[in-house]
Number of protein chains: 4
Amino acid sequence: MRDEQFVALPPGYELWVMRGGFGELFGPVYMDRANSRMAFRVDRQHTNPVEGLHGGAMATFIDANIAVCYTRPDMHCPTINLTVDYMRPAKRGDLVEADVSMLRVTKNLVFMQSIVRVGETPIARANGVYRNDGIPAR
Amino acid sequence: MRDEQFVALPPGYELWVMRGGFGELFGPVYMDRANSRMAFRVDRQHTNPVEGLHGGAMATFIDANIAVCYTRPDMHCPTINLTVDYMRPAKRGDLVEADVSMLRVTKNLVFMQSIVRVGETPIARANGVYRNDGIPAR
Amino acid sequence: MRDEQFVALPPGYELWVMRGGFGELFGPVYMDRANSRMAFRVDRQHTNPVEGLHGGAMATFIDANIAVCYTRPDMHCPTINLTVDYMRPAKRGDLVEADVSMLRVTKNLVFMQSIVRVGETPIARANGVYRNDGIPAR
Amino acid sequence: MRDEQFVALPPGYELWVMRGGFGELFGPVYMDRANSRMAFRVDRQHTNPVEGLHGGAMATFIDANIAVCYTRPDMHCPTINLTVDYMRPAKRGDLVEADVSMLRVTKNLVFMQSIVRVGETPIARANGVYRNDGIPAR
């Protein structure tokens, strides 16, 4: 089902395999913790009926930003609120990158923000509030 | 990968197979247009690493509410904004149901709301703004 | 500055004066705790430059829904996330009513929802996540 | 009602008086179009019952970001969706500044984002979707 031609890792990224049933179906993503970035290549399993990136796949990618960029494997920070603005479509083959910011961490809450882009063009803006499970307050 | 024991259709629902790569991976959902309801059974492919319903799977289900409950197959209403409050976890085997309301339709926009529940217990609240593609204004 | 003709209390409501500088400027609101409703009459001090209800005044009214409908005077539940969909304009003289639901209360969080309407016509949809300050979990 | 000691304009800003009843009550704000910034000083009329910045006043300020930073006086871009994450309180006397970004403009829609801060400390994160009334698409 997946296209075999997209195998090269984008420069600066490491391969990351998400755990759990839904993460496995989503497929591999790329992480760059040093720059607080995360990415994936839009493949057949991420598409909507009009061959663009599915809104749910975008939300899934964004919801994983916190885990990939900031938490340790033994942490689980459940999502409280997730808000996504869809600004432009993405299509199969696009490398979708998220610049992730952790804006505020309290004892109980984590406030995240992501700007998602293809190249330099922003395609989505998102924010999430998570329950904190061990990230030091800042 | 999927559990075979969950085959019975919940009363009042019809089976619905979502199109497109991401919808196919998500698996079958249930729709009840007469009551503006949609449902699915949490299976292995919807789970997060702690064996609960993945936040991205929840968002995917909600993002499909408009299509399943209100649009014709030839319509495509792209998502502009999607907001989800996660209020309680769901676990594998749960029947997750959404009561969907179309609160306002203008020439250009559709405003939706979903209350997602397991039995009578609300587990998520969501709203979406979509670009209108042919739904009559109301 | 305020119009004097709008003095009759809508049936079922009690007068409520919000405390604090911003609440005082907003002016009196109406509450009906038994039915979890809150209301106000759009007056000159709530208008935007085109003589409609100001988006910020709408947000202010909604942000107060939790306090007016659910908390005791000695509680203060700070807002964590507030999301408003503006579906139709309101104009000076309109009685704006909010049907408020408390969907979930945990030890730390309160999840609210409001449907705001003029008569039976919905004009806004909103949700808020608040830090819990003493409301019993449900 | 207003404190007289806060009269100095912050460096780089011009004074801006918002029109309409609600804008007049809010009081003067500061704009810096060259740097896409907007600011105001928290005064008595912006406070909540615990003497902090009222959540509705914060939302009002943010909802005005688009008008102050990007539109001409003859434009009116109605708000479709406004989402605010409240990350830290602000108190009377604080200079509250918003760094505003216009992430995407289509023929019909404008996508905005604001990071609100006191000094260098972020206190709120917000996004808005507006109906476009004459801003060139980008």
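Proteins get letters first, then strands, A, B, ... in listed order; numbering begins at 1 in each.
Using modelled atom types, one side-chain atom of B:S36 and one backbone atom of B:V100 make a donor-acceptor pair closer than 3.5 Å. Distance alone, capped at 3.5 Å, places no donor-acceptor pair between the B:R88 side chain and the B:A124 backbone. Distance alone, capped at 3.5 Å, is enough to place a donor-acceptor pair between the B:R117 side chain and the B:G119 backbone. B:N132 places a side-chain N or O within 3.5 Å of a backbone atom of B:G134 that can act as its donor or acceptor partner.
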With side chain to side chain donor-acceptor pair (under 3.5 Å) as the test, would you mind laying out the steps for A:R125 and A:N127 before giving the verdict? CA-CA 7 Å; A:R125 188 220 56 77; A:N127 57 294; 3.1 Å; yes
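Note that the CD atom of B:E24 and the CG atom of A:L25 stand 12.0 Å from one another [nearest 0.5 Å].
Contacts between residues 77-86 of chain A and chain B, defined by a heavy-atom separation under 4.5 Å, are made by A:T79, A:I80, A:N81, A:L82, A:T83, A:V84, A:D85, A:Y86. Using non-hydrogen atoms only and a strict 4.5 Å limit, the part of residues 51-59 of chain B facing chain A consists of B:H54, B:G55, B:G56, B:A57, B:A59.
Around atom CZ of A:R131, no more than 12 heavy atoms belonging to other residues, nucleotides or ligands sit under 6.0 Å away.
A ring-ring contact (aromatic ring centres under 6.0 Å, His included) with A:F40 is found for one member of A:W16, A:F26, A:Y30, A:Y13 and no other, namely A:F26.
Residues A:F22 and B:F22 bring their aromatic ring centres within 6.0 Å.
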